[in-house]
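Below is one structure, written out as structure tokens; comments come after it.
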Amino acid sequence: MNELLNKLVENNKNLTIDGKVAKYIPALGKADPNELGICVADIEGNIYTAGDYNKKFTIQSISKTISLMLAIIDNGIEYVFDRVGMEPTGDAFNSIIKLEIVSPSRPLNPMINAGAIAVSSMIKGNSTDEKFKRLLNFFRKISGNENLGINEEVYLSEKETGDRNRSMAYFMREAGIFTGNVDEILDVYFKQCSIEVDCIDIAKIGLFLANGGRLPSTREQIAGENIARIVKTFMVTCGMYNASGEFAINVGIPAKSGVGGGIMASVPHRMGIGAYGPALDDKGNSIGGCGILKDLSRNFNLSIF
Ligand code: DON
């Protein structure tokens with residue numbers, strides 16, 4: 001298996017030439033566009049790796065799947081989906097346009113920035129610090145990595161430049177989607193996006209979802225089976241943004257990408273996959289990561305469709 005993964009990394013390396021690292025968060029612009037890595041964590045407990053699987057990157061939008069789980073655990077399904085929709089947008093992940101067009105105003109789904117900011121506002125805690133600590137502990141638990149923490153430079157860089165997210169948050173507060181201090185809500189969101197991971201961490205999160213919200217090691221049920229099902233469904237319909245349809249056809253695995261270059265994928269009852277390559281396509285998805293996932297899916301017949 002490791003041999004095959006090495007081959008897939010080599011075969012897809014040339015794709016990275018056509019991608020670009022995200023620059024709208026200045027600190028992300030420092031990433032090396034040639035890096036490419038992969039990890040497969042299967043239900044039997046095996047971990048297979050290749051390429052730059054141990055390079056650290058920020059989790060970015062992959063965090064939206066995890067904050068959604070905690071927000072549902074904290075508030076229940078009805079509360080969350082009264083405020084955030086369940087439909088794909090066909091727009092870019094940071095688009096603001098539908099917030100004004102949809103009536104009553106409500107972000108269309110929790111995988112776009114607006115929806116994820118609304119979801120972060122629902123994490124319970126007596127202070128911003130406590131909310132983020134609860135979220136970080138949840139990340140640590142489901143990844144099995146007690147050492148997860150934030151990349152301070154990326155966090156500050158996004159906080160400094162995140163005016164588009166800030167405008168969406170003000171718009172949503174005005175529309176009554178949440179109340180409270182916008183900067184504090186955004187702080188939880190910016191911090192969750194800045195959590196530093198490697199391919200193994202996100203493969204294990206994918207495996208946790210593949211295992212119906214149970215830790216594969218202890219079988220402890222951390223998130224309900226239904227919550228895991230909801231998250232995996234969003235990964236299919238919205239996880240790769242406005243490339244989700246194409247990805248579903250070419251790869252057929254529930255997956256969530258982030259502009260840090262990560263893709264977390266989850267093959268129900270079988271495995272979690274973590275891919276990393278910071279060179280992105282024009283939709284903000286890792287170009288090499290998508291290539292590897294496509295090949296892996298074909299090799300092992302992983303499509304769920
Ligand atoms: O809010 C943002 O724009 C980033 N922190 C996360 C966006 C992201 O990862 C989109 N992914 N492809």
Side-chain angles (χ1 to χ4, degrees), residues 20-33 35 54-71 93-94 110-143 145-170 172-173 178 180-202 205 241 256-264 274 276-278 280 284-286:
K20 287 194 173 62
V21 301
K23 289 213 172 77
Y24 76 101
I25 300 172
L28 293 182
K30 295 181 180 170
D32 175 355
E35 286 178 348
N54 57 358
K55 289 274 161 68
K56 297 265 180 229
F57 56 93
T58 53
I59 193 162
Q60 297 300 339
S61 284
I62 300 168
S63 70
K64 293 168 179 171
T65 56
I66 299 139
S67 54
L68 176 61
M69 283 190 264
L70 189 56
F93 63 86
N94 56 359
M111 299 294 117
I112 50 170
N113 287 8
I117 292 165
V119 165
S120 296
S121 78
M122 299 175 199
I123 304 294
K124 294 220 162 127
N126 289 321
S127 64
T128 310
D129 262 5
E130 193 183 314
K131 288 176 192 176
F132 179 67
K133 258 190 203 132
R134 288 191 62 242
L135 193 51
L136 181 60
N137 280 336
F138 190 67
F139 274 74
R140 286 175 173 167
K141 196 150 196 184
I142 68 174
S143 65
N145 185 351
E146 279 301 311
N147 297 319
L148 290 188
I150 68 169
N151 177 319
E152 198 72 19
E153 188 191 355
V154 173
Y155 158 62
L156 292 174
S157 181
E158 179 162 19
K159 193 179 162 106
E160 214 169 276
T161 56
D163 282 346
R164 183 182 276 258
N165 284 332
R166 211 162 269 125
S167 3
M168 289 194 262
Y170 277 109
M172 288 190 284
R173 188 176 69 173
F178 52 74
N181 182 301
V182 162
D183 282 325
E184 286 177 10
I185 289 163
L186 282 168
D187 214 49
V188 176
Y189 173 75
F190 292 148
K191 279 188 174 152
Q192 75 178 59
C193 288
S194 303
I195 292 174
E196 219 168 25
V197 289
D198 62 19
C199 288
I200 300 179
D201 297 321
I202 57 172
I205 296 171
Y241 303 109
K256 181 76 202 80
S257 68
V259 289
I263 302 178
M264 179 269 285
Y276 165 64
L280 308 179
N285 298 318
S286 169

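Within the 4.5 Å cutoff, the side chain of Asn285 has heavy atoms near those of the Tyr241 side chain. Proximity of Leu135 to Val188: side-chain heavy atoms (C-beta onward) are separated by under 4.5 Å at one or more points. Leu148 places a side-chain heavy atom less than 4.5 Å from the side chain of Asp201. In this structure, Ile185 and Lys131 have side chains that are not in contact, with every pair of non-hydrogen atoms separated by 4.5 Å or more. Using a 4.5 Å heavy-atom cutoff, the side chains of Ile205 and Val197 are not in contact. No side-chain heavy atom of Lys20 sits less than 4.5 Å from a side-chain heavy atom of Leu280. Between Phe57 and Leu28, every side-chain heavy-atom pair lies at or beyond the 4.5 Å cut-off. In this structure the side chain of Pro278 never reaches within 4.5 angstrom of the side chain of Pro33, judged on heavy atoms.
Here the side chain of Arg134 pairs no donor or acceptor atom with the backbone of Ile123 at under 3.5 angstrom. The backbone N or O of Ile59 lies less than 3.5 Å from no partner atom in the side chain of Ser63, so there is not a single donor-acceptor pair. Within the 3.5 Å criterion, the main-chain N or O of Val154 finds no donor-acceptor partner in the side chain of Ser157. At least one donor-acceptor pair under 3.5 Å links the side chain of Ser286 to the backbone N or O of Gly277.
Closest approach of Ala169 and Phe178 over heavy atoms only: O-CZ, 3.4 Å. Between Met172 and Ala114 the shortest heavy-atom distance is CE-O, 3.1 Å. Here the closest heavy-atom approach between residue Val21 and residue Ala31 is recorded as CG1-O, 3.8 Å. Nearest heavy-atom pair, Ile263 versus Ile202, reported as atom, atom and distance to 0.1 Å: O-CD1, 3.4 Å. Of all non-hydrogen atoms in Met122 and Ala71, the two that sit nearest each other are CB-CB, 4.2 Å. Across Ala116 and Tyr189, no two heavy atoms sit closer than the pair CB-CE1, 3.8 Å.
One finds the CD atom of Glu146 at 9.0 Å from the NZ atom of Lys141 (value rounded to the nearest 0.5 Å). For the atom pair CG of Leu156 and CG of Asn151, the computed distance is 9.0 Å after rounding to the nearest 0.5 Å. Remark: Ser167 OG to Arg164 CZ distance equals 7.5 Å, nearest 0.5 Å. With values rounded to the nearest 0.5 angstrom, Ile117 atom CD1 is found 12.0 Å from Tyr170 atom OH. The SG atom of Cys193 sits 7.0 Å away from the CD1 atom of Ile25 when rounded to the nearest 0.5 Å. A distance of 5.0 Å separates OG in Ser143 from CG in Asn145, rounded to the nearest 0.5 Å.
With ring centers used as reference points, Phe190 lies 6.0 Å or more from Tyr155.
The pair Lys55-Glu35 meets the salt-bridge criterion, with a side-chain N (NZ, NE, NH1 or NH2) lying under 4.0 Å from an Asp/Glu carboxylate O. Comment: Lys30 engages Glu153 in a salt bridge, judged by a side-chain N to carboxylate O separation of less than 4.0 angstrom.
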Please test Glu158 against Gln60 for side chain to side chain contact (heavy atoms under 4.5 Å, CB included), starting from the C-alpha separation and ending with a verdict. CA-CA 11 Å; Glu158 179 162 19; Gln60 297 300 339; 3.8 Å; yes
Audit row: Arg166, Asp183, side chain to side chain contact (heavy atoms under 4.5 Å, CB included) steps and yes/no: CA-CA 8 Å; Arg166 211 162 269 125; Asp183 282 325; 3.8 Å; yes
Assess whether side chain to side chain contact (heavy atoms under 4.5 Å, CB included) is satisfied between Tyr24 and Val259, documenting all intermediate values. CA-CA 10 Å; Tyr24 76 101; Val259 289; 3.6 Å; yes
Is there a side chain to side chain contact (heavy atoms under 4.5 Å, CB included) between Met69 and Ile142 once you walk through the steps? CA-CA 11 Å; Met69 283 190 264; Ile142 68 174; 4.0 Å; yes
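A donor atom on one side chain and an acceptor atom on the other are not found under 3.5 Å apart for Asn94 and Asn113. Side-chain atoms of Ser61 and Lys64 include a donor-acceptor pair closer than 3.5 Å. If you check the side chains of Ser67 and Gln192, you find a donor sitting under 3.5 Å from an acceptor. Between the side chains of Tyr276 and Lys56, no donor-acceptor pair of N or O atoms lies under 3.5 Å. In this model, no donor atom of one side chain and acceptor atom of the other lie less than 3.5 Å apart for Asp198 and Asn54.
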